[in-house]
Amino acid sequence: MEFMYGAYSVVWLVIFGYMLLIAKRHSSLKKDIEFLKQLDK
């Protein structure tokens, strides 16, 4: 049973890390879009 808790913990850590990575990329992409909008004006 302890092995299952360890496996779930690892999976949740991977999912959380992936979500942080996606949020960081989203923020970077949003900045790039704002920069391009400024160039277009």
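Without hydrogens or angle criteria, Ser27 side chain to Ala23 main chain gives no donor-acceptor distance under 3.5 Å.
The neighbour count for Met19 CE, taken as heavy atoms of other residues, nucleotides or ligands under 6.0 Å away, does not exceed 12.
Interatomic distance, OH of Tyr8 versus CD1 of Ile15, reported as 10.5 Å (0.5 Å rounding). Put simply, NZ on Lys41 and CG on Leu36 are 12.5 Å apart, with the number rounded to the nearest 0.5 Å. Taken from NE2 in His26 to CD1 in Ile33, the straight-line distance is 8.0 Å, to the nearest 0.5 Å.
Hydrophobic clustering (ILVMFWY, side-chain heavy atoms < 4.5 Å, transitive): Val11 and Val14 are in distinct clusters.
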